[in-house]
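A quick write-up on the structure given underneath.
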Amino acid sequence: MAPVPDLLALLPPPVMFFALGFAAGLLRADLSVPEALARALSIYLMVAIGLKGGAALASPGAAEGLWPALALGIGLSFLLPLPAFLFLRGALRIDRDTAAAISGHYGSVSVVTYAAAAGTLTTLGVAQEGFMPAILAAMETPAILTALLLARIGTGGSTGTGATSAQPRLNAGKLAHEVLLNGPVVLLLGSFLIGFLAGAPGRQQLAPFTEALFPGALCLFLLEMGLMAVRQLRAGGRGLSWGLVGFGIVMPLIGGAAGLLGAQAIGLSTGGVALMAVLSGSASYIAVPAAMRLALPRADAGVYVTLSVAVSFPFNILVGIPLWVKLAGG
Amino acid sequence: MAPVPDLLALLPPPVMFFALGFAAGLLRADLSVPEALARALSIYLMVAIGLKGGAALASPGAAEGLWPALALGIGLSFLLPLPAFLFLRGALRIDRDTAAAISGHYGSVSVVTYAAAAGTLTTLGVAQEGFMPAILAAMETPAILTALLLARIGTGGSTGTGATSAQPRLNAGKLAHEVLLNGPVVLLLGSFLIGFLAGAPGRQQLAPFTEALFPGALCLFLLEMGLMAVRQLRAGGRGLSWGLVGFGIVMPLIGGAAGLLGAQAIGLSTGGVALMAVLSGSASYIAVPAAMRLALPRADAGVYVTLSVAVSFPFNILVGIPLWVKLAGG
Amino acid sequence: MAPVPDLLALLPPPVMFFALGFAAGLLRADLSVPEALARALSIYLMVAIGLKGGAALASPGAAEGLWPALALGIGLSFLLPLPAFLFLRGALRIDRDTAAAISGHYGSVSVVTYAAAAGTLTTLGVAQEGFMPAILAAMETPAILTALLLARIGTGGSTGTGATSAQPRLNAGKLAHEVLLNGPVVLLLGSFLIGFLAGAPGRQQLAPFTEALFPGALCLFLLEMGLMAVRQLRAGGRGLSWGLVGFGIVMPLIGGAAGLLGAQAIGLSTGGVALMAVLSGSASYIAVPAAMRLALPRADAGVYVTLSVAVSFPFNILVGIPLWVKLAGG
Amino acid sequence: MHNRKRIEIVVERVRAEEVTSLLDRLGATGWTILPVLAGRGHQGVRQGGDLSGVLDNVVILCITSEAVTARVMEASDDLLGARPAIVSITDCTVLRADHF
Amino acid sequence: MHNRKRIEIVVERVRAEEVTSLLDRLGATGWTILPVLAGRGHQGVRQGGDLSGVLDNVVILCITSEAVTARVMEASDDLLGARPAIVSITDCTVLRADHF
Amino acid sequence: MHNRKRIEIVVERVRAEEVTSLLDRLGATGWTILPVLAGRGHQGVRQGGDLSGVLDNVVILCITSEAVTARVMEASDDLLGARPAIVSITDCTVLRADHF
Ligand SMILES: Nc1ncnc2c1ncn2[C@@H]1O[C@H](COP(=O)(O)O)[C@@H](O)[C@H]1O
Ligand SMILES: Nc1ncnc2c1ncn2[C@@H]1O[C@H](COP(=O)(O)O)[C@@H](O)[C@H]1O
Ligand SMILES: Nc1ncnc2c1ncn2[C@@H]1O[C@H](COP(=O)(O)O)[C@@H](O)[C@H]1O
Ligand code: NA
Ligand code: NA
Ligand code: NA
């Protein structure tokens with residue numbers, strides 16, 4: 001009764017737990033994960049990713065290729081919202097604020113999608129650049145700026161049409177903080193720096209926490225993400241047209257392809273190429289929603305949260321990661 | 001100053017933590033475990049038990065003896081509520097709904113009692129069948145059906161006595177979900193399946209999470225169970241007559257003896273016999289209360305929760321497990 | 001790109017995480033740790049410290065020197081509030097109740113400061129007495145009694161001045177529980193006892209939980225302590241005069257010096273001397289605030305919580321520990 | 001400023017959905033559910049936090065018109081039958097009448 | 001529909017038990033305790049979440065008769081002496097009069 | 001026993017600070033923020049617990065004078081503009097008039 005040999009690589013345990021959570025949600029099973037546990041696990045994953053990446057970067061020669069990769073990641077985060085916005089406005093006729101907010105999510109990245117991909121690579125024994133967590137952190141925010149720009153452009157002409165179309169007063173200071181100092185960026189970069197400074201001895205001391213526990217913690221977290229995806233579909237699904245659902249599937253493919261080609265162009269390793277594709281194809285569900293809620297209060301939070309958490313996240317976990325790993329040659 | 005050599009086997013650390021929590025509760029020490037931690041630990045224990053069992057079943061020959069054990073467990077879960085109900089109605093004159101609800105708890109099982117017993121067996125180095133977590137999951141629900149049947153039987157004749165004795169309208173769909181798709185069953189079976197599919201490589205990857213952490217997590221959880229037992233005694237203890245307390249001690253002995261004899265009859269290993277006795281003797285405190293609350297709203301939740309959590313659970317931890325392990329020949 | 005070799009010892013990862021949390025708080029980054037996680041980690045740290053200490057004491061000859069160390073710790077806890085109180089009353093003219101409450105915090109101890117110091121010693125490879133966690137537990141409460149005495153002394157003469165200056169009726173039973181059975185003491189002593197009884201085999205079984213995870217858990221917890229320190233400064237900082245801030249820095253130096261000299265006098269090991277200095281210099285932020293709130297309701301909770309959490313804790317983590325470790329000869 | 005009623009219901013968490021769907025059916029335009037730490041009533045002290053969750057209560061808050069309130073009053077006795085909830089009603093005023 | 005009073009008390013979590021046992025002693029038939037995230041008053045901003053729990057507040061809700069309410073009003077100033085709680089009282093109506 | 005108003009506002013957690021600083025500016029002497037589990041309104045069901053926190057609501061409670069209440073009523077529509085909150089106002093009495 002031995003399981004199919006390659007199953008573990010195609011469908012690693014964390015992904016199966018995502019499916020379990022999703023199925024339990026669909027069947028309305030009486031199962032829930034405490035919110036504090038979900039938040040705790042998400043903090044743990046970011047700290048562990050950061051620490052591991054920083055320690056990897058501290059080893060000799062590990063910084064080679066960092067700058068082009070960084071430039072690529074930041075560039076993709078800045079630019080990917082553009083096609084998203086044009087499509088949402090042009091083809092789906094979504095209102096400007098909501099379209100801008102959605103497009104910001106797809107330029108930015110999802111930490112857990114990254115974590116799941118990194119886990120798959122580890123299982124497959126595919127190496128990757130140590131600096132990838134820094135790329136992950138760097139890609140969180142540029143897309144937010146593009147989204148805000150997209151929301152503002154073109155509203156200049158309509159200021160005369162009255163109070164309803166005017167942008168609400170924006171607390172610029174608060175927004176800047178939200179954009180630059182959002183939780184994931186601070187945690188990832190902070191842990192990355194600490195991991196770098198602590199180096200090999202620090203890594204060894206923290207390994208039981210950051211490395212040995214990682215797959216198990218990811219399983220629990222993806223269980224909750226499966227439950228959350230269904231919860232969001234139920235609460236916010238009515239707001240999603242079929243067009244939007246299609247967008248939530250196609251956009252990760254466009255983003256992922258862009259990341260894949262770019263990473264191959266700058267000569268990243270197989271693992272690096274796969275991760276860059278995964279990052280570009282993923283959509284934020286922590287930092288960007290929080291920033292958009294403050295900056296674009298008239299955008300429909302139900303739509304962008306649901307699209308990101310309940311459509312694109314599952315698609316990336318189930319289809320995106322295996323696809324990019326395969327195409328990268330893993 | 002070396003401790004008594006055999007103490008660890010008789011009173012392993014998790015049980016001592018239960019005693020600590022219980023004592024702290026009795027002394028009204030200012031100690032509390034956040035509810036989210038208790039829920040998180042209970043999710044962790046179920047996932048870890050399921051994964052480990054599934055991986056064990058994936059090893060060659062491990063499924064031998066599964067079907068008789070499954071039949072035994074399901075049969076016990078169906079049948080044990082009967083003597084419980086007869087005693088509660090006949091000797092203690094408990095109202096029908098509350099008697100049915102209580103009896104359902106004792107046919108079903110307690111995941112943490114199982115976990116504590118499994119821990120004791122590991123400490124003693126006693127082997128067990130890998131499929132036992134599947135038996136655990138299978139025994140959760142049959143007792144709920146028996147309890148509902150017991151509550152309905154005989155109320156048919158009294159429908160004429162007026163509104164107060166009529167059963168409230170039952171949301172059958174919701175109840176079916178509660179019964180078939182309750183959290184523990186979904187988590188245990190889902191993790192079991194994932195553990196099975198992931199097999200040996202998956203087990204190895206997840207071992208630091210599911211196995212190395214298990215004893216420590218169990219310690220923390222039993223600390224909270226000790227505190228919770230006293231909390232329940234304080235809040236719901238007034239509802240417990242001495243007769244009910246006696247029932248809460250004798251019923252685990254009856255159930256445990258039935259499990260022990262049945263398991264020996266079908267030829268389980270020493271560890272399997274001990275675990276089957278522990279399961280049959282244990283009383284549910286997650287799935288069954290939740291189902292009963294919906295199905296039998298007139299049953300007294302204070303009584304069944306308190307009896308299960310504050311009387312039978314401590315008895316099983318402190319007396320039942322050592323007894324069944326000993327009698328099984330461990 | 002290897003980090004400075006000695007950095008890890010001077011600034012171990014947990015301390016860097018404290019700095020990260022503090023910086024994130026100062027910059028008002030949108031980062032928060034769920035309260036349940038903070039409480040869970042604090043329970044974990046106490047259980048792990050207790051278990052490890054108890055197991056260490058169970059090894060042959062480990063109890064040597066226990067009694068003098070216990071007497072020293074208890075004595076310091078009783079006496080250190082005295083200079084604190086005199087200074088607060090005499091130099092800073094703080095009201096009697098608040099002065100008494102504050103001084104109680106500085107006689108008592110901080111579990112996390114202890115944990116951070118123990119982590120530093122482990123990193124440096126400096127040995128320590130196994131019974132130190134028992135000293136930690138023993139030092140929690142004596143200071144509370146001194147503080148209450150200080151608050152009562154001298155109010156006897158002013159009973160005639162009317163209702164406003166009379167002490168509120170004190171629920172003595174409740175207070176005694178708070179003092180003797182506060183959470184940290186029960187958890188530390190209980191786990192210590194369990195660790196002792198479980199001995200070497202128990203220690204081995206629980207090591208992945210209590211030892212391998214410890215540095216990582218400490219990192220997460222200190223991240224939250226950094227955030228909490230800033231949060232407290234923001235909410236309660238207005239109540240702190242510069243005099244009080246100075247007190248919050250000088251008092252740890254006085255307490256630490258007393259602990260250092262005392263520990264050297266009774267001949268503790270290098271690690272023991274450092275830990276005793278750290279304990280004496282640290283200020284409670286769990287047990288003592290809770291006791292003071294009940295016993296001295298007119299004392300200003302904003303002041304004593306803020307002073308302990310947001311001034312002395314950071315000072316001890318960043319300056320105190322390296323100082324005492326250095327002076328102890330580590 | 002428009003007059004409305006503020007209905008406040010203490011009920012078991014497991015039955016909250018029954019109450020809110022009753023409110024929905026009777027025409028309420030909205031409701032809010034708040035968590036409860038502990039309580040006391042005729043059944044004695046109720047302290048949440050057991051793992052099955054059956055001892056948790058919630059407070060349901062609903063601001064609605066007099067007409068809907070009247071219907072809720074009639075219906076609630078019926079629905080809540082076996083395990084009655086605590087229902088209290090207060091007069092209040094609201095800003096935008098069309099919202100309630 | 002019977003007239004009652006709805007008493008709402010904001011008080012420190014560590015003192016909540018004192019308040020509820022006062023309510024018990026004065027004849028209230030029940031009460032409900034709700035958690036508080038943050039607050040501001042004369043003592044400034046109060047944000048829960050420190051590990052000692054001394055900065056947490058709760059809201060205690062008690063629906064009771066006019067007579068009990070009068071007794072609570074008299075007694076509360078006395079009991080809460082050192083650290084006064086915020087007490088407000090509203091008129092309300094309830095369904096089953098015998099329950100309160 | 002002094003007459004005051006009890007303002008109750010349901011609003012997104014991320015906007016709570018805007019509301020409380022409005023209350024501060026308009027002269028309220030205090031407020032209390034309570035957590036919300038779930039709710040329904042014109043925008044449909046709102047269930048907290050997503051990781052970004054943007055779907056969480058809170059209840060803000062403010063006991064204050066008639067004068068401050070009037071100012072709040074005027075200002076709130078303006079401030080809350082884009083995403084309106086639910087505001088209800090009840091009469092209440094309080095113990096110590098100077099506190100509110
Ligand atoms: N008079 C009351 N005032 C406020 N809450 C109450 C009152 N009576 C009961 N409750 C709440 O309703 C719950 C159930 O009440 P009961 O069914 O009477 O035990 C209690 O646990 C309290 O939370
Ligand atoms: N006017 C008010 N309205 C609502 N809650 C208040 C008010 N004043 C004070 N509070 C609450 O009562 C707590 C203690 O108030 P205080 O003792 O005045 O600082 C505050 O933290 C608030 O939660
Ligand atoms: N009539 C109502 N009574 C009580 N709470 C309401 C009501 N309407 C809306 N709410 C609350 O306000 C939130 C936002 O409402 P809305 O903007 O209308 O969707 C809802 O999620 C509810 O929590
Ligand atoms: Na992306
Ligand atoms: Na059983
Ligand atoms: Na000290």
Side-chain angles (χ1 to χ4, degrees), chain D residues 1-39 48-49 53 56-66 68-69 72 85 88-100, chain F residues 3-13 16 19 22 26 32-49 55-64 66-67 69-93:
Chain D
M1 302 280 293
H2 312 267
N3 294 322
R4 289 291 180 279
K5 294 286 182 184
R6 179 185 183 279
I7 310 179
E8 191 172 58
I9 304 174
V10 184
V11 69
E12 296 180 8
R13 193 176 198 146
V14 294
R15 306 198 97 80
E17 219 188 293
E18 290 174 38
V19 175
T20 54
S21 46
L22 176 76
L23 293 173
D24 290 350
R25 276 201 309 281
L26 298 180
T29 57
W31 38 261
T32 300
I33 305 184
L34 310 179
V36 162
L37 292 174
D56 283 325
N57 277 349
V58 294
V59 168
I60 300 176
L61 194 66
C62 176
I63 292 161
T64 193
S65 66
E66 195 131 354
V68 172
T69 306
V72 171
S88 73
I89 295 160
T90 319
D91 291 315
C92 70
T93 57
V94 297
L95 272 179
R96 287 158 299 142
D98 54 309
H99 202 288
F100 299 94
Chain F
N3 294 322
R4 289 291 180 279
K5 295 285 182 185
R6 179 185 182 279
I7 310 179
E8 193 173 57
I9 304 174
V10 184
V11 70
E12 295 180 7
R13 195 178 197 144
V19 175
L22 176 76
L26 298 180
T32 300
I33 305 183
L34 310 178
V36 163
L37 292 175
R40 195 179 70 78
H42 285 218
Q43 302 167 57
V45 171
R46 233 187 142 81
Q47 174 110 37
L55 299 176
D56 283 325
N57 278 349
V58 293
V59 169
I60 300 176
L61 193 68
C62 176
I63 293 162
T64 192
E66 196 129 352
T69 307
R71 272 177 267 155
V72 171
M73 300 299 282
E74 268 167 50
S76 64
D77 235 16
D78 175 37
L79 175 93
L80 300 171
R83 287 280 167 196
I86 307 299
V87 182
S88 74
I89 295 160
T90 319
D91 290 315
C92 70
T93 56

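A, B, ... follow the sequence lines: proteins, then strands. Residue 1 opens every chain.
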- Message: Using side-chain heavy atoms (C-beta onward) and a distance below 4.5 Å, is D:T32 in contact with F:N57?
- Response: no
- Minimal non-hydrogen separation, D:V94 against F:S88, with atom names: CG1-CB, 4.1 Å
- Message: Which residues pass the side-chain contact (heavy atoms from CB on, under 4.5 Å) test with F:T90, not counting sequence neighbours?
- Response: D:R6, D:T90, D:C92, E:T90, F:R6
- F:R40 and D:D24: side-chain contact (heavy atoms from CB on, under 4.5 Å), yes or no, with the steps? CA-CA 9 Å; F:R40 195 179 70 78; D:D24 290 350; 2.9 Å; yes
- Listed by chain and number, what are the salt bridge (charged side-chain N to carboxylate O under 4.0 Å, His left out) partners of F:R71, not counting sequence neighbours? none
- Item | Proximity breakdown for D:A28 and chain F, heavy-atom pairs closer than 4.5 Å | backbone
- Where does D:I63 contact chain F at under 4.5 Å (heavy atoms): side chain, backbone, both or neither? side chain
- Structural part of D:L61 lying under 4.5 Å from a heavy atom of chain F: side chain
- With a 4.5 Å cut-off on heavy-atom pairs, point out which of F:E8, F:R46, F:H42, F:K5 contacts chain D the most. F:H42
- Item | chain F contact via D:V58 - side chain, backbone, both or neither, heavy atoms under 4.5 Å | side chain
- Message: Working to the nearest 0.5 angstrom, can you tell me the gap between F:I86 CD1 and D:T29 OG1?
- Response: 7.5 Å
